[in-house]
Structures are given as C-alpha cells and as structure tokens.
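Since the model is a prediction, treat every value here as computed from it, not as a measurement.
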Amino acid sequence: MSAQPDGFTVILEQPDFIIVNKMIDIDMHDDEGVPGLVSRVSAFLGIPVYPVHRLDKVTSGLVLLAKNKEANRTLSQLFADKQIRKTYLAISDRLPKKKQGWIKGDMAKGRNGSWKLLHSLENPAITYFQSLSLPIPRHRLYVVSPQTGKTHQIRVALKSIGAPILGDVRYGGSPDARTYLHAWFLHFSYAGAEYNVEAPHGWGEKIGDPASLQNFIP
C-alpha cells in the first residue's frame with residue numbers, strides 16, 4: 001500500500017471491500033488526465049476496485065468500493081434492493097418551504113448538465129429530510145435520507161423546497177468555499193456482519209455543538 005492516500009482517507013477496510021471518505025473536488029473516474037477516486041484507491045491498495053455507488057465531484061463523504069467482482073455484484077444488489085441506508089448532511093442559508101418531510105418527483109434533464117424536479121411520479125426520486133437551525137442566522141442543517149439514487153437527487157430536492165445547498169451555485173446556492181453536501185453515514189449487512197459507518201464532516205465552525213446531531217444518527 002501507499003503510505004499516504006491522496007484525495008481520500010480510509011474509514012474501514014475489510015477483505016471484500018473498502019469504505020473511504022472522499023474529499024471535495026475529486027471525480028469518481030479519471031478526467032482529462034486527472035486520476036479519479038477509483039484510480040486513486042486502486043493505486044493505494046495495489047488491486048483493482050469497483051465502485052458500488054458514486055458521489056458528485058463537489059460532494060465529500062463515504063464511498064463503498066468492492067475489492068473483487070463477486071463482492072461488487074453482491075453489494076450492488078444490496079443497493080438495488082435498498083438494503084444499504086445512506087444518510088447525508090447538507091447546509092443551506094435559505095429558509096425552506098418546510099422543515100422536514102418527503103420530497104418526491106420525477107427528474108428531467110435541464111440545461112448545461114443540470115436536472116429539475118417534476119410534479120409527475122412515474123419513476124420518482126424519493127428523498128426524506130429533517131432539519132435543525134444552526135448558530136449562524138438563517139442557516140439550517142439538513143439530514144437527508146435518499147430512498148432512490150438519481151443523479152444530483154439531493155441537490156435538486158433541496159432546491160425544490162427553496163433551500164439550495166450552500167456553495168452549490170449550479171442549483172442556485174450562495175457562493176462559498178465548497179458545496180456543503182456530505183455523505184455522512186452508511187448502514188448495511190454483509191456476509192453476516194452489520195456495519196454502521198460514519199465519515200467526519202469537519203464542519204464544526206458551521207454546526208456548533210456536535211451533540212446536536214446525536215438524535216439524527218441512523
């Protein structure tokens with residue numbers, strides 16, 4: 001193994017898979033000669049790895065990668081069967097139309113690679129969220145549990161309730177040093193073992209008292 005991974009930190013490693021905390025501004029795959037997360041983890045381990053799911057470039061947090069094709073098939077099926085629960089954290093500096101609840105709707109492509117939420121429900125993106133106020137005026141923290149895995153789902157969902165993510169200028173968020181969306185928690189069972197995995201968010205100055213999140217841990 002490489003002594004110092006680049007662009008991620010290892011949260012948990014098992015014989016069949018590895019879970020890493022991806023940094024912001026890292027693509028999942030190579031782009032114009034810049035190694036993506038998959039290449040970086042493969043180089044770190046010295047073996048090919050297979051991403052079971054993905055995160056947007058602007059999103060930090062947990063990514064599950066299989067170490068072999070059989071584990072990839074099994075873990076991917078767990079995702080497809082909604083047996084892997086994902087929880088995200090997000091911050092917005094806008095007041096939402098509602099402070100918790102479901103956001104449902106079909107997603108359609110918009111302009112310049114963006115997506116939009118429709119009122120129809122033929123094959124909807126489904127997201128549940130809760131929120132709480134933060135020490136900074138008008139800022140709220142969102143604890144988001146996507147029930148489906150559509151492209152840009154959480155970013156579009158929060159925009160639809162009037163609370164675009166801080167730093168997510170693509171979807172109308174206020175400019176900031178980063179996009180405040182983080183894949184915080186994974187819960188799943190594999191090969192007879194149960195896993196509850198958390199990735200530090202590093203947002204202490206924004207969130208204030210870390211105990212405020214205890215009631216939201218899945």
List the steps, then state whether side chain to side chain contact (heavy atoms under 4.5 Å, CB included) holds for Glu194 with Phe188. CA-CA 6 Å; Glu194 186 170 335; Phe188 62 98; over 6 Å; no
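- A salt bridge links Asp56 to Arg155: one of the charged nitrogens lies within less than 4.0 Å of a carboxylate oxygen.
- Between His201 and His182, the ring planes lie perpendicular to each other; the angle is over 60°, past the 30° to 60° tilted range.
- Taking the six-membered ring wherever Trp is involved, the centroid distance between the rings of Phe185 and Tyr88 does not fall below 6.0 Å.
- In this structure Lys82 satisfies the salt bridge (charged side-chain N to carboxylate O under 4.0 Å, His left out) test with no other residue, sequence neighbours excluded.
- Taking the ring axis of Tyr180 as reference, the NZ or CZ atom of Lys206 stays within 45° of it and closer than 6.0 Å to the ring centre.
- Taking the six-membered ring where the residue is Trp, the centroids of Phe17 and Tyr50 are separated by 6.0 Å or more.
- In this structure, the side chain of Tyr142 does not engage the main chain of Leu132 through any donor-acceptor pair within 3.5 Å.
- Using modelled atom types and a 3.5 Å distance limit, the side chains of His187 and Asn196 yield a donor-acceptor pair.
- Partners of Arg40 according to the salt bridge (charged side-chain N to carboxylate O under 4.0 Å, His left out) rule, which considers only residues two or more places apart in sequence or in another chain, are Asp6.
- Distance alone, capped at 3.5 Å, places no donor-acceptor pair between the Thr148 side chain and the Lys150 backbone.
- Ring to ring, Tyr190 and Tyr195 are not that close: their centroids are 6.0 angstrom or more apart.
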